[in-house]
Amino acid sequence: MLNLNEHPHRRWNPLTSEWVLVSPHRTKRPWQGQMERAAAPVQLVHDPSCYLCPGNPRAGGVTNPAYKQTFVFENDFAALLPAAPEGRRVEDGLLVAESESGICRVMCFAPRHDLTLARMEPGAIRSVVEEWKSQYLELGAQSDIGYVQIFENRGEMMGASNPHPHCQIWASHRIPNEPAKEQRAFVARATCLLCDYVALEVRLGERVVCRNEHFVTVVPYWALWPFETMVLPLRHYGAMDEMTAEESDALADILKRTVTRYDNLFEISFPYSMGFHQSPTDGEAHPEWHFHAHYYPPLLRSATVKKFMVGYEMVGTPQRDITAEAAAARLREMSERHYTAG
Ligand code: H2U
Ligand code: ZN
């Protein structure tokens, strides 16, 4: 009989309609591959050479103000531009291109160069949540912005260029690939996929990492990355601006607790890419959307051994060794007191 803790199997991701191969019997294999350098902890409160620190010059020649909380600016090397000429070109139905426009911003979480979300005060994280909401509302209200993607790329291992705690916001005319897949899944189902999923995970408990009154962090059943998580609200709503004040506090709380557990796992500032998925801002009603966040960390078995999505995973199907349940158990064991707090 199929035992999910022992036998190779595949799991279905209902959000993206893709499979992941799980090989739990493989976790004991020796590792002789590449080791990453563990990132040195950031010590400086203010780094004179950081282009995100208050009062410092940026690449375009602009100087950052002496900001005290959050600070948002237009990306000096924006991937999307507001006034791209409209157009669509198709050749033989195979070579398809269309214009895309948008706005790219960078958001510093706080003036402190060295404090990641895991080590920020709850009140300061709450200011970050408020800034996310107002960015979503302000950008989403613009007639040519159909989707506001807020994301954070942390750590050298993820290619982040700067350790100063920050995220990016890319607001585009069209909906990007990942939320577009989710939207198709939401629309195709009679009941809300994520309301049903979060209720199921809370009932089963085995993939729950932590929770508060309004949010749950789980290692999704179909996780690709070893310590991938999703942060899900228990209540159904499409976007951050629909959160009550209490829910906003609870979001700040669950994010801090989740990333503290990550940092404590290997006692490093844990690298990851994360992002929020929320209702498109294309002017249509989107009752199908259920707000949530995804965390995709690359690390596998230590601070220096990362998972590579290569080989079979590129040409076939993504694969993992450690099961989602085992990863959740590891994260659940972690303290919510940051390892640097002594
Ligand atoms: P990361 O989140 O990957 O570290 O990227 C930081 C962004 O900051 C990146 O998109 C922008 C880069 O274009 N940037 C500026 O807007 N101004 C600068 O002076 C340097 C970097
Ligand atoms: Zn800085």
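Each ligand, and each atom within it, is numbered from 1 in the order the structure gives. In what follows, every heavy atom counts, from backbone to side chain, and hydrogens, waters and symmetry copies are set aside.
A donor-acceptor contact under 3.5 angstrom links the side chains of Glu182 and His292, judged on distance only. Using modelled atom types and a 3.5 Å distance limit, the side chains of Gln278 and Tyr237 yield no donor-acceptor pair. Ser172 and Gln149 form no side-chain donor-acceptor contact under 3.5 Å, judged by distance and modelled atom types alone. Between the side chains of His173 and Glu98, no donor-acceptor pair is found at a separation under 3.5 Å.
Distances from the Zn ion (ligand 2) to each N, O or S atom of His164 single out ND1 as the nearest. Distances from the Zn ion (ligand 2) to the N/O/S atoms of His113 are shortest for ND1.
Rounded to the nearest 0.5 Å, atoms SG (Cys210) and CD1 (Ile254) are 4.0 Å apart.
On a distance-only criterion, Asn75 and ligand 1 share at least one N/O pair closer than 3.5 Å.
A salt bridge links Glu138 to Arg105: at least one charged side-chain nitrogen sits closer than 4.0 Å to a carboxylate oxygen.
Cluster annotation: Met274 is connected to Tyr136 through the hydrophobic network of ILVMFWY side chains, with a link wherever side-chain heavy atoms come within less than 4.5 Å.
Short contacts between ligand 1 and Ala59, defined as distances under 4.0 Å to a heavy atom of the residue, involve ligand atoms 18 (C), 19 (O). The ligand atoms of ligand 1 that sit less than 4.0 angstrom from a heavy atom of Ala160 are 3 (O), 4 (O). Those atoms of ligand 1 that come under 4.0 Å of a heavy atom in Asn162, given as number and element, are 4 (O). Contact atoms of ligand 1 toward Phe73: 15 (C), 16 (O) (distance under 4.0 Å to a heavy atom of the residue).
Cys53 lies close to the Zn ion (ligand 2), since one of its N, O or S atoms is found at a distance under 2.8 Å.
Using cut-offs of 30° and 60° on the angle between ring planes, the pair Tyr67 and His164 is tilted.
If you check which protein heavy atom lies closest to atom 15 (C) of ligand 1, you get Asp76 OD2, 3.4 Å. In this structure, the protein non-hydrogen atom closest to atom 8 (O) of ligand 1 is Val106 CG2, 3.7 Å. Distance from atom 21 (C) of ligand 1 to its nearest protein heavy atom, with residue and atom name: Tyr51 CE1, 3.2 Å. Here the protein heavy atom with the shortest distance to atom 5 (O) of ligand 1 is Gln168 NE2, 3.2 Å.
Of the options His164, Glu152, Arg58, His166, the smallest heavy-atom separation from atom 1 (P) of ligand 1 is shown by His166.
Between Phe71 and Phe73, the distance separating the two ring centers is shorter than 6.0 angstrom.
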